[in-house]
Participant: 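Below is the structure I would like to discuss, written out as structure tokens.
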Amino acid sequence: MPRDPLIGLVGKPSAGKSSTLNSLTDATSKVGNFPFTTIDPQRAIGYLQIDCACARFGLTDRCKPNYGSCVGGRRSVPIELLDVAGLVPGAHQGKGLGNKFLDDLRHADALIHVVDVSGTTDAEGKNTRGYDPSADIAWLRSEIVAWIKGNLMEKWGSIRRRHIAVKATAVETLQNQFSGYGSTSAVVARTLDRLGLKEPLEEWSEETIDRVVNAFTDEKFPTVIALNKIDHPDADKNIAKIAKMQDPNTIVLCSAISEIFLRKMAKQGYIRYTEGSEFVDTREDLIAAGDPDGGGLKELDEKNRNRIENLKDMVLYRFGSTGVVQVLSKAAEILGLAPVFPVKNTTTFGSGSGDSKVVFRDCVLVKKNSTVADVARKVMGDAPIAYIEGVGGIRVAEDQLVSVGKNDILSFKVGK
């Protein structure tokens, strides 16, 4: 069966991801100051916000997910996260927790690199001032490339001889070497297509091998750069520098500690907060807007009132949000994840169990270029499928691709 997508979070020791996960007792956990729910010391469940199918059909009031939530057609879908520990320079040589870091890394489909953009921690996570955080981005990539290339070059002579002897294709030979990184033949094929190499594998120079490893790294480990601590005075100049060096489509600006604070205050009944937005209302705000009860919110003390006002000015109004919700959304975007809604009935959108009025109880995330058959295996496992229906009871071919709004509402009919 196709497995669920796995997003790896990496960052310097100062991010404190592992210690935070291990020490939490509350249901809401943090990975490097990002709020998620703990599964075990290294794995957690985050919630990806998507547009739910219920909004398409005007059924937002009847949508009650089995997992996550849906409010006004905005759905939070569980997605698995991995805390990748041991990120220090020289990890590929075994420094720090280097071997464990690289072993954990290979399981991830995409990475979120949490970078302290304030420049107040050095490469090893120690307090400093004026550090250049762009160096962190460069050496994460260099560690991965050095790890893969080192393993490949160590055996290149025997790899080349076997390639010639068995008359293998370049994809077959490389997949034999790259499978340990969680690769597939499709990933290797896309890597070679990206380069458009003409020369046969047995004639590759070290320069060509270097290009192949770099392209494979891009394909296997697409990375979101989460520039954290954007509210720090030194952040602006570092953000500007990094924006010139990196693809802007991979960068998300965020203040994770601000998100933690806002969710805590909302949970305790002091504010109304729409996650992923700039909208925060206090009791005083709602009274001024004409609600004499202030929305039933508690009154803030002066310290927290000032902190919220500063947070609005420094983060929310300036950047549009704390950025934390957008970090997961960007990871899903670079993976091309599409939500699919398995239902029992493709006319009523019910699950066939419990309250028949409830719709779209389930949602699964599948990778780009997934077919209807891939979704069937993910949802139904080895159960024999007689046929598959789309919206309105229309049968759908198993080789059709799924995407948002196309073949994303499916019913699987069991039978021989």
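No hydrogens, no waters, no symmetry mates; every other heavy atom, side chains included, goes into these values.
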Participant: Between Lys126 and Thr128, does a side chain to side chain donor-acceptor pair (under 3.5 Å) hold up when you go through it step by step?
Facilitator: CA-CA 6 Å; Lys126 297 175 183 176; Thr128 187; over 6 Å; no

Participant: Is it true that Arg190 and Asp193 make a salt bridge, defined as a side-chain N closer than 4.0 Å to a carboxylate O?
Facilitator: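 Looking at Asp193 together with Arg190, the answer is no, because their closest N to O distance does not fall below 4.0 Å.
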
Participant: Within the distance-only criterion (no hydrogens, no angle test), does the side chain of Ser158 pair as donor or acceptor with the backbone N or O of Lys155 below 3.5 angstrom?
Facilitator: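 Between the backbone of Lys155 and the side chain of Ser158 there is a qualifying donor-acceptor contact (under 3.5 Å).
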
Participant: Is there a side chain to side chain donor-acceptor pair (under 3.5 Å) between Asn214 and Thr217 once you walk through the steps?
Facilitator: CA-CA 5 Å; Asn214 273 278; Thr217 300; 5.7 Å; no

Participant: Ion pair present between Asp4 and Lys367, side-chain N to carboxylate O less than 4.0 angstrom?
Facilitator: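 A salt bridge is absent here (no side-chain N lies under 4.0 Å from a carboxylate O).
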
Participant: Using modelled atom types and a 3.5 Å cut-off, is there a donor and acceptor pairing between side-chain atoms of Asp408 and backbone atoms of Gly405?
Facilitator: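 A pair under 3.5 Å: yes.
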
Participant: Do you see a donor-acceptor pair shorter than 3.5 Å between the side chains of Asp301 and Tyr270?
Facilitator: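 No.
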
Participant: For residues Ser258 and Leu311, report the shortest heavy-atom separation together with the two atoms involved.
Facilitator: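 Minimum heavy-atom contact is CB-CD1, 3.7 Å.
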
Participant: Please check this pair: side chain of Ser118 against backbone of His232, looking for a donor-acceptor N/O pair closer than 3.5 Å.
Facilitator: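 Judged by distance alone, no pair lies under 3.5 Å.
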
Participant: Quick check: closest heavy atoms across His113 and Gly11, and the distance to 0.1 Å?
Facilitator: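 Residues His113 and Gly11, closest heavy atoms: CD2-CA, 4.2 Å.
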
Participant: Salt bridge between Arg318 and Asp236, side-chain N to carboxylate O under 4.0 Å?
Facilitator: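 Looking at Arg318 and Asp236, the cut-off is met.
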
Participant: In plain terms, say whether Arg129 and Asp234 are close enough for a salt bridge, that is, a side-chain N and a carboxylate O under 4.0 Å apart.
Facilitator: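 Asp234 and Arg129: salt-bridged.
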
Participant: Looking at Tyr317, does the NZ or CZ of Lys312 lie under 6.0 angstrom from its six-membered ring centre and within 45 degrees of the ring axis?
Facilitator: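 Negative - Lys312 is either too far from the ring of Tyr317 or too far off its axis.
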
Participant: For Ile225 and Gln246, what are the C-alpha separation, side-chain angles and deciding distance, and is it a side-chain contact (heavy atoms from CB on, under 4.5 Å)?
Facilitator: CA-CA 9 Å; Ile225 301 168; Gln246 302 293 327; 3.7 Å; yes

Participant: Tell me if the NZ atom of Lys406 is crowded by more than 12 foreign heavy atoms within 6.0 Å.
Facilitator: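 Open.
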
Participant: Rounded to the nearest 0.5 Å, how far apart are OG of Ser76 and CD1 of Ile45?
Facilitator: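 If I round to the nearest 0.5 Å, the distance is 13.0 Å.
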
Participant: Is the backbone N or O of Lys64 less than 3.5 Å from a side-chain atom of Arg361, with the two atoms forming a donor-acceptor pair by type?
Facilitator: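 Yes; judged by distance alone, with no hydrogens or angles, the pair exists.
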
Participant: Does Ala256 offer a backbone N or O that forms a donor-acceptor pair with the side chain of Asn228 under 3.5 Å?
Facilitator: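 Here the side-chain-to-backbone pair exists.
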
Participant: Quick one: CD1 on Ile112 to OG1 on Thr223, what's the gap to the nearest 0.5 Å?
Facilitator: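 So the gap between those two atoms works out to 10.0 Å.
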
Participant: Using side-chain heavy atoms (C-beta onward) and a distance below 4.5 Å, is Arg75 in contact with Cys363?
Facilitator: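 Yes; the side chains approach each other to less than 4.5 Å.
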
Participant: Walk me through whether Asn304 and Phe261 qualify under side-chain contact (heavy atoms from CB on, under 4.5 Å).
Facilitator: CA-CA 10 Å; Asn304 282 324; Phe261 174 69; 3.8 Å; yes

Participant: Say you draw a straight line from CD of Gln177 to CD1 of Ile159; how long is it, rounded to the nearest 0.5 Å?
Facilitator: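 Result: 3.5 Å between the selected atoms.
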
Participant: Is Ser329 reaching over with its side chain to a backbone N or O of Val325, donor-acceptor style, under 3.5 angstrom?
Facilitator: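 The answer is yes, because a donor-acceptor pair under 3.5 Å joins these two groups.
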
Participant: Taking Asp109 first and then Lys220, would you say they form a salt bridge - that is, a charged N and a carboxylate O separated by under 4.0 Å?
Facilitator: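 No salt bridge links Asp109 with Lys220.
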
Participant: Side chain to side chain contact (heavy atoms under 4.5 Å, CB included) with Phe319: which residues, sequence neighbours excluded?
Facilitator: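 Residues passing side chain to side chain contact (heavy atoms under 4.5 Å, CB included) with Phe319: Ile230, Leu253.
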
Participant: Any donor and acceptor pair, going by atom type alone, linking the side chain of Asn238 with main-chain N or O of Val117 inside 3.5 Å?
Facilitator: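 Answer holds: yes.
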
Participant: Below 4.5 Å, heavy atoms only, C-beta onward: do Val166 and Arg162 meet side chain to side chain?
Facilitator: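 In contact.
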
Participant: Does any part of the side chain of Glu259, heavy atoms only, come nearer than 4.5 Å to the side chain of Tyr273, both counted from C-beta?
Facilitator: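 In short, these two side chains touch, coming nearer than 4.5 Å.
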
Participant: Measure from NZ or CZ of Arg395 to the centre of the six-membered ring of Tyr387, then state whether that distance is under 6.0 Å and the direction lies within 45° of the axis.
Facilitator: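 Judged by the rule (NZ or CZ under 6.0 Å from the ring centre, within 45° of its axis), Arg395 counts as positioned above Tyr387.
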
Participant: Taking all heavy atoms of Val327 and all of Cys254, pick out the closest pair and write down the distance.
Facilitator: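 Answer, listing the atom of Val327 first, then Cys254: CG2-SG, 4.3 Å.
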
Participant: Answer whether the closest heavy-atom distance between the side chains of Asn407 and Leu401 falls below 4.5 Å.
Facilitator: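 SC-SC contact between Asn407 and Leu401 ruled out.
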
Participant: Would Glu398 and Ile388 satisfy side-chain contact (heavy atoms from CB on, under 4.5 Å), going step by step from the backbone distance to the final call?
Facilitator: CA-CA 8 Å; Glu398 291 189 358; Ile388 302 169; 4.0 Å; yes

Participant: Cut-off 3.5 Å, side chains only: do Asp362 and Asn66 have a donor facing an acceptor?
Facilitator: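 Present: a donor and an acceptor within the cut-off.
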
Participant: Please verify the inter-ring angle class for Phe349 with Phe360; under 30° counts as parallel, over 60° as perpendicular, anything in between as tilted.
Facilitator: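 Because their plane-to-plane angle is under 30°, the rings of Phe349 and Phe360 count as parallel.
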
Participant: Would you say the side chains of Ser321 and Gln326 form a donor-acceptor pair under 3.5 Å?
Facilitator: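 Yes, side-chain donor-acceptor contact under 3.5 Å.
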
Participant: Is the shortest distance from a Lys or Arg side-chain nitrogen in Arg194 or Asp218 to a carboxylate oxygen in the other one below 4.0 Å?
Facilitator: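 Yes, this pair counts.
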
Participant: Could you tell me whether the side chains of Ser183 and Gln175 share a donor-acceptor contact shorter than 3.5 Å?
Facilitator: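 Distance-only check passes for Ser183 and Gln175.
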
Participant: One pair to check against side-chain contact (heavy atoms from CB on, under 4.5 Å): Glu206 and Lys149. What are the steps and the verdict?
Facilitator: CA-CA 10 Å; Glu206 185 170 348; Lys149 185 180 176 184; 3.3 Å; yes

Participant: Any side-chain heavy atom of Glu389 within less than 4.5 Å of one from Leu410?
Facilitator: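 The answer is no; the side chains never approach within 4.5 Å.
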
Participant: At their closest point, which heavy atom of Ser277 faces which heavy atom of Phe279, and how far apart are they?
Facilitator: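 It is OG-N, 3.1 Å.
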
Participant: I need the minimum non-hydrogen distance between Val340 and Pro342, along with the two atoms involved.
Facilitator: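 Minimum heavy-atom contact is O-CD, 3.3 Å.
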
Participant: Report the distance from atom CD of Glu172 to atom CG of Leu174, rounding to the nearest 0.5 Å.
Facilitator: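 Result: 10.5 Å between the selected atoms.
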
Participant: Verify, without hydrogens or angle tests, whether Asp374 (side chain) and Thr371 (backbone) share a donor-acceptor contact under 3.5 angstrom.
Facilitator: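 Yes, the answer is positive, given that a donor and an acceptor are paired below the 3.5 Å cut-off.
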
Participant: Could you tell me the separation between the CD atom of Gln268 and the CE atom of Met265, rounded to the nearest 0.5 Å?
Facilitator: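 Gln268 CD to Met265 CE: 6.0 Å, rounded to 0.5 Å.
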
Participant: With heavy-atom distances below 4.5 Å as the criterion, would you say the side chains of Val402 and Val372 are in contact?
Facilitator: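 Touching, per the 4.5 Å side-chain cut-off.
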
Participant: Please report the interatomic distance CH2(Trp156) to CD(Glu154), rounded to the nearest 0.5 Å.
Facilitator: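 So the gap between those two atoms works out to 14.0 Å.
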
Participant: Classify the ring geometry between Phe216 and Phe178 as parallel (under 30°), tilted (30 to 60°) or perpendicular (over 60°).
Facilitator: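 The arrangement is parallel - the two ring planes meet at less than 30°.
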
Participant: Compute whether any side-chain donor of one residue and acceptor of the other, for Thr208 and Glu199, lie under 3.5 angstrom apart.
Facilitator: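 A pair is found: one side chain offers a donor N or O, the other an acceptor, under 3.5 Å apart.
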
Participant: Testing Cys54, Cys70, Cys52 one by one against Thr60 for a side-chain contact (heavy atoms from CB on, under 4.5 Å), which residue passes?
Facilitator: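 That would be Cys54.
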
Participant: To check you understand the geometry: which heavy-atom pair defines the closest contact between Thr282 and Ile308, and what is its length?
Facilitator: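 Looks like CG2-CG2, 4.5 Å.
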
Participant: With heavy-atom distances below 4.5 Å as the criterion, would you say the side chains of Asp116 and Leu227 are in contact?
Facilitator: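 When only atoms from C-beta onward are counted, Leu227 and Asp116 do not touch, as no gap falls below 4.5 Å.
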
Participant: Kindly indicate whether the side chain of Leu105, heavy atoms from C-beta on, has any atom under 4.5 Å from the side chain of Phe221.
Facilitator: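 The answer is yes, as the side chains (C-beta and beyond) meet within the 4.5 Å cut-off.
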
Participant: Does Asp132 come within less than 4.0 Å of Lys237, counting only side-chain N to carboxylate O?
Facilitator: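 Salt bridge flag = no for Lys237 with Asp132.
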
